[in-house]
2 protein chains.
Amino acid sequence: MATQTIIAQEGTFLSEGHTDVPAPLQVPDHGACTAVNDVLARVGDKWTIRVIMALGTGPLRFNALKREIDAISQRMLTRTLRVLERDGLVRRLVEPSVPPRVEYSLTPLGRSLQEPVTVIGQWAMDKRGEVARARADYDARDEG
Amino acid sequence: MATQTIIAQEGTFLSEGHTDVPAPLQVPDHGACTAVNDVLARVGDKWTIRVIMALGTGPLRFNALKREIDAISQRMLTRTLRVLERDGLVRRLVEPSVPPRVEYSLTPLGRSLQEPVTVIGQWAMDKRGEVARARADYDARDEG
DNA sequence: CAGTATCCAGCAGGATACTG
DNA sequence: CAGTATCCTGCTGGATACTG
């Protein structure tokens with residue numbers, strides 16, 4: 001029963017949830033291919049990698065993380081962290097003090113993602129030039 | 001000068017281009033990190049992987065590809081292919097006949113991407129259960 | 001067959017203001 | 001400090017109709 005499936009009837013808004021985290025809407029599950037693309041989509045969004053990279057060197061508190069990444073909005077940092085936490089990639093540790101201290105760190109699962117990501121990262125770096133040239137060629141061709 | 005930078009002044013729409021391909025809008029280039037996230041974003045979009053997978057077994061014509069992937073709209077297949085072609089990952093071969101035959105295939109560069117992608121794919125498959133459990137836990141916790 | 005053109009809904013993500 | 005709440009824009013992607 002993992003990952004509850006929430007079926008929205010038309011007109012339903014599901015805004016009961018206490019906050020802004022994107023709804024865990026999910027189609028019945030088409031198996032492997034869906035799982036793979038899920039990960040790619042998550043990792044391909046605007047901030048996930050930056051956050052994982054930043055936490056790669058060690059735990060960080062919310063604002064430290066925000067300064068590290070810089071240019072990320074408070075809202076997106078919170079959302080990204082919540083999703084990562086939900087998926088078990090990031091651990092959130094609250095020290096109940098005033099003012100509060102919240103420390104984020106990678107879980108073992110989160111750390112295990114670093115390597116696969118690095119592999120594509122390497123590809124991206126290696127092939128940068130080739131892609132750039134291909135684009136230049138393509139753009140030159142149709143703009144003539 | 002690779003990858004022309006198009007600066008849009010406010011009010012500019014750049015709809016000169018002959019078709020629907022998303023504009024090659026680009027910030028000055030923040031180096032490595034941008035390149036990596038570029039690739040992740042592309043690969044993380046809804047159809048890119050499916051297309052690359054489908055072409056992995058050999059060249060395919062437009063409608064064959066469409067049938068193979070199924071559920072993809074004509075518009076998105078065209079767009080995805082154009083982007084992939086522009087980046088030099090896919091080759092487009094037109095046989096000027098009536099009706100036209102257009103064959104798509106992976107370039108060597110495109111094939112070189114299959115491996116890195118497979119690595120994350122493997123991770124996704126391996127960790128599926130763990131992620132699902134983490135989500136179930138998280139969802140159970142806050143819905144109490 | 002292999003596209004283009006158009007329209008439109010929904011979500012990602014930014015800006016800003018407020019709070020325990 | 002570490003968030004929430006609200007509002008708003010623009011892009012992604014689907015549906016549909018038309019064409020060389």
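A, B, ... follow the sequence lines: proteins, then strands. Residue 1 opens every chain.
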> Roughly, in whole Å, what's the span from CZ in R92(B) to C1' in dC1(C)?
Replying inline: 12 Å
>> Just the rounded figure in Å: distance from C1' of dT6(D) to CD of Q74(A).
In response: 14 Å
> Under the side-chain hydrogen bond (donor to acceptor under 3.5 Å, both in side chains) test, which residues partner Q122(A), sequence neighbours left out?
Replying inline: D126(A)
>> Under 4.0 Å from OP1 or OP2 of dG3(D): is there any side-chain N or O of Y104(A) that close?
In response: yes
>> Can you see if the side chain of R82(B) gets near the phosphate of dA2(C) - specifically, an N or O under 4.0 Å from OP1 or OP2?
In response: no
> Of all of residues 52-67 of chain B, which get a heavy atom below 4.0 angstrom from DNA chain C, listed by number?
Replying inline: R61(B), F62(B), N63(B)
>> Using the side-chain heavy atoms of P100(A), tell me which of these nucleotides is nearest: dC1(D), dT4(D), dA2(C).
In response: dC1(D)
Side chain to side chain donor-acceptor pair (under 3.5 Å): which pairs involve [range], sequence neighbours left out?
range: residues 90-103 of chain B; value: R92(B)-Y104(B)
range: residues 62-74 of chain B; value: none
range: residues 111-121 of chain B; value: W123(A)-S112(B)

> Given a cutoff of under 4.5 Å between side-chain heavy atoms of I, L, V, M, F, W and Y, with clusters grown through shared members, what are the other residues clustered with V119(A)?
Replying inline: V119(B)
Polar-atom pairs under 3.5 Å, protein N or O versus N or O of nucleotides 13-15 of chain D: list them with distances, or write none.
unit_1: dG13(D); atom_1: OP1; unit_2: K46(B); atom_2: N; d: 3.1
unit_1: dG13(D); atom_1: N7; unit_2: R75(B); atom_2: NH1; d: 2.9
unit_1: dG13(D); atom_1: N7; unit_2: R75(B); atom_2: NH2; d: 3.4
unit_1: dG14(D); atom_1: OP1; unit_2: K46(B); atom_2: NZ; d: 2.5
unit_1: dG14(D); atom_1: OP2; unit_2: W47(B); atom_2: NE1; d: 3.2
unit_1: dG14(D); atom_1: N7; unit_2: R75(B); atom_2: NH1; d: 3.2
unit_1: dG14(D); atom_1: O6; unit_2: R75(B); atom_2: NE; d: 3.3
unit_1: dG14(D); atom_1: O6; unit_2: R75(B); atom_2: NH1; d: 2.9

> Quick one: bend of the helix from dC1(C)-dG20(D) to dG20(C)-dC1(D) from 5 pairs per end, to 10°?
Replying inline: 50°
>> For residues 41-65 of chain B, which residue pairs pass the salt bridge (Lys or Arg N to Asp or Glu O under 4.0 Å) check, not counting sequence neighbours?
In response: R42(B)-D87(B)
